[in-house]
Amino acid sequence: MALIVHKYGGTSMGSTERIRNVAKRVAKWVRAGHQLVVVPSAMSGDTNRLLGLAKEISDRASPRELDMLASTGEQVSVALLCIALQAEGLEAVSYAGWQVPIKTDSSFGKARIESIDDARVRADLAAGKVVVITGFQGVDPNGHITTLGRGGSDTSAVAIAAAMKADECLIYTDVDGVYTTDPRVVPEARRLHSISFEEMLEMASLGSKVLQIRSVEFAGKYRVPLRVLSSFTPWDIDLDVEAASGTLISFEEDEKMEQAVVSGIAFNRDEAKITVVGVPDTPGIAYQILGKVAEANIDVDVIIQNVSHDGKTDFSFTVHRNDYARTMELLETVVVPTLGAQQVVGDPKICKVSIVGIGMRSHVGIASTMFRCLAEESINIQMITTSEIKTSVVIDEKYMELAVRALHKAFGLEEARDA
Ligand code: ADP
Ligand code: ASP
Ligand code: MG
């Protein structure tokens, strides 16, 4: 008997028929003798619909109320799933985050899980019940409901698996694993049988939304065995076949993986670029600009500072697109008058495209292959950033799909690598 956490995403929970299907799949695992904790997302489109309702009323809804609202989608899902499990003849009980409790900090909209008390869940499992827990939400020290950021049900599932020392956490979704890039953008993308934890961490942090970044961080920190697989296979496929399907997030330093120099391509359309033009090139300038941005709790990603001319320089960086207007306003009203910059210019229509692979550590010339490929497509690179296992470029958003397809081809990712 193993303790297994299943997570089902929005599409997997998208209709009552799909929920029945999830229940049948879970029942199969229970009947095979396993203890199951299930973490569903809201039904697909529900979270957007709820947040859209708030927006119809106000652009400045308080973060607390937005979390109160957005968290309800998952509450619908857990109840419907329990009803479906009971209809399958299983004993099942649902809990909201605060009932477990899943304790978080108070950063509404992007709360971090601080602790999970598993006593209640363990007692239910021992009594033979399937436990269904809301994804995406928790409770802060003052008893307020919080949410974990979009895509946060992945993190709920992995955190629960970590807290309970589950044997495995299975992330069921609408694709059958992690691909070399988003198969919606590149139909020739190939599923990876396994991907190293470090590569998955980079892919997720660089925009591959198949797993929320924090779920990968949790998996790494607590060594949670993690697999991404499809909920769209027939529910009654052989359990052992299902258990070995999809993509395993591997903690092994596999030699075979080292051979693939570039494992995947990630992209992110959620960023915006801001340039402070003509600031005096004096010590402390980066601190003075970015310090103000950090004080406003705005995350900065790629940063570049140009060489100076006549004692002045330009300073560019990217922020999340949701923070663009706020950052522009802050710089125009605070930083420009105090630092004597000429002006602030912004471009919200950019995107970041990244190549990722642990093989980049031991191979040279990978970045130049990337730059040549983009040059051949006449795509202008606006910013570049690198780390040991990734190279990212910021380009005009309108070339994103072209760039991803060209790079996917240039690095031979559609060819069999680990089949
Ligand atoms: P869920 O609702 O199950 O959480 P998501 O929409 O959050 O599903 O994540 C699954 C989606 O992630 C896929 O439909 C796919 O379009 C997208 N995706 C992005 N990058 C990748 C990748 N490298 N491999 C697989 N899917 C990816
Ligand atoms: N329902 C939430 C969202 O749409 C959380 C999730 O699906 O993981 O972002
Ligand atoms: Mg998701």
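All residue numbers in this chain count up from 1 along the given sequence. Counting starts at 1 for both ligands and their atoms, following the listed order. Heavy atoms only: backbone and side chains are in, while hydrogens, waters and symmetry mates are out.
In terms of protein heavy atoms, atom 15 (C) of ligand 1 is closest to Asp182 OD1, 3.4 Å. Protein heavy atom closest to atom 2 (O) of ligand 1, with residue, atom name and distance, is Gly10 N, 3.1 Å. Residue, atom and distance of the protein heavy atom nearest to atom 23 (N) of ligand 1 are Tyr179 O, 2.9 Å. Atom 27 (C) of ligand 1 has Val210 CB, 3.7 Å as its closest protein atom, hydrogens excluded (heavy atom only). Looking at atom 3 (O) of ligand 1, its nearest protein heavy atom turns out to be Thr173 OG1, 2.6 Å. Shortest contact from atom 11 (C) of ligand 1 to any protein heavy atom: Asp174 OD1, 3.9 Å. Among protein heavy atoms, atom 14 (O) of ligand 1 sits closest to Arg184 NH2, 2.6 Å. Looking at atom 25 (C) of ligand 1, its nearest protein heavy atom turns out to be Gly177 O, 3.4 Å.
When every heavy atom of Lys7 is checked against every heavy atom of Ser41, the shortest pair comes out as CE-OG, 3.6 Å.
Judged as a salt bridge (charged side-chain N to carboxylate O under 4.0 Å, His left out), and not counting sequence neighbours, the contacts of Glu388 are Arg361.
For Val228, no heavy-atom contact with ligand 1 is shorter than 4.0 Å. Neither the backbone nor the side chain of Gln212 comes within 4.0 Å of ligand 2, counting heavy atoms alone.
A heavy-atom separation below 4.0 Å is not found between Gly9 and ligand 2. Using a 4.0 angstrom heavy-atom cutoff, Gly73 does not count as in contact with ligand 2.
Remark: the backbone N or O of Gly149 is not paired with any side-chain donor or acceptor of Arg214 at under 3.5 angstrom.
Atom CG in Leu66 sits 8.5 Å away from atom OG in Ser58 (nearest 0.5 Å).
Close approach of ligand 1 to Val178 (heavy-atom distance below 4.0 Å) involves ligand atoms 24 (N). Within ligand 1, counting atoms from 1 as listed, the ones closer than 4.0 Å to a heavy atom of Lys209 are 7 (O), 9 (O), 19 (C).
The shortest N or O to N or O distance between Lys7 and ligand 2 is not below 3.5 Å. Among the atoms of Lys7, some N or O lies under 3.5 angstrom from an N or O of ligand 1.
Between Arg405 and Glu401, at least one side-chain nitrogen of the basic residue sits less than 4.0 Å from a carboxylate oxygen of the acidic one, meeting the salt-bridge criterion.
One side chain, Glu199 or Ser196, offers a donor N or O that lies under 3.5 Å from an acceptor on the other.
Ring orientation note: the planes of Tyr172 and Tyr8 are close to parallel, at an angle under 30° on the 30°/60° scale.
Protein heavy atoms are absent from the 4.0 Å sphere centred on atom 6 (O) of ligand 1.
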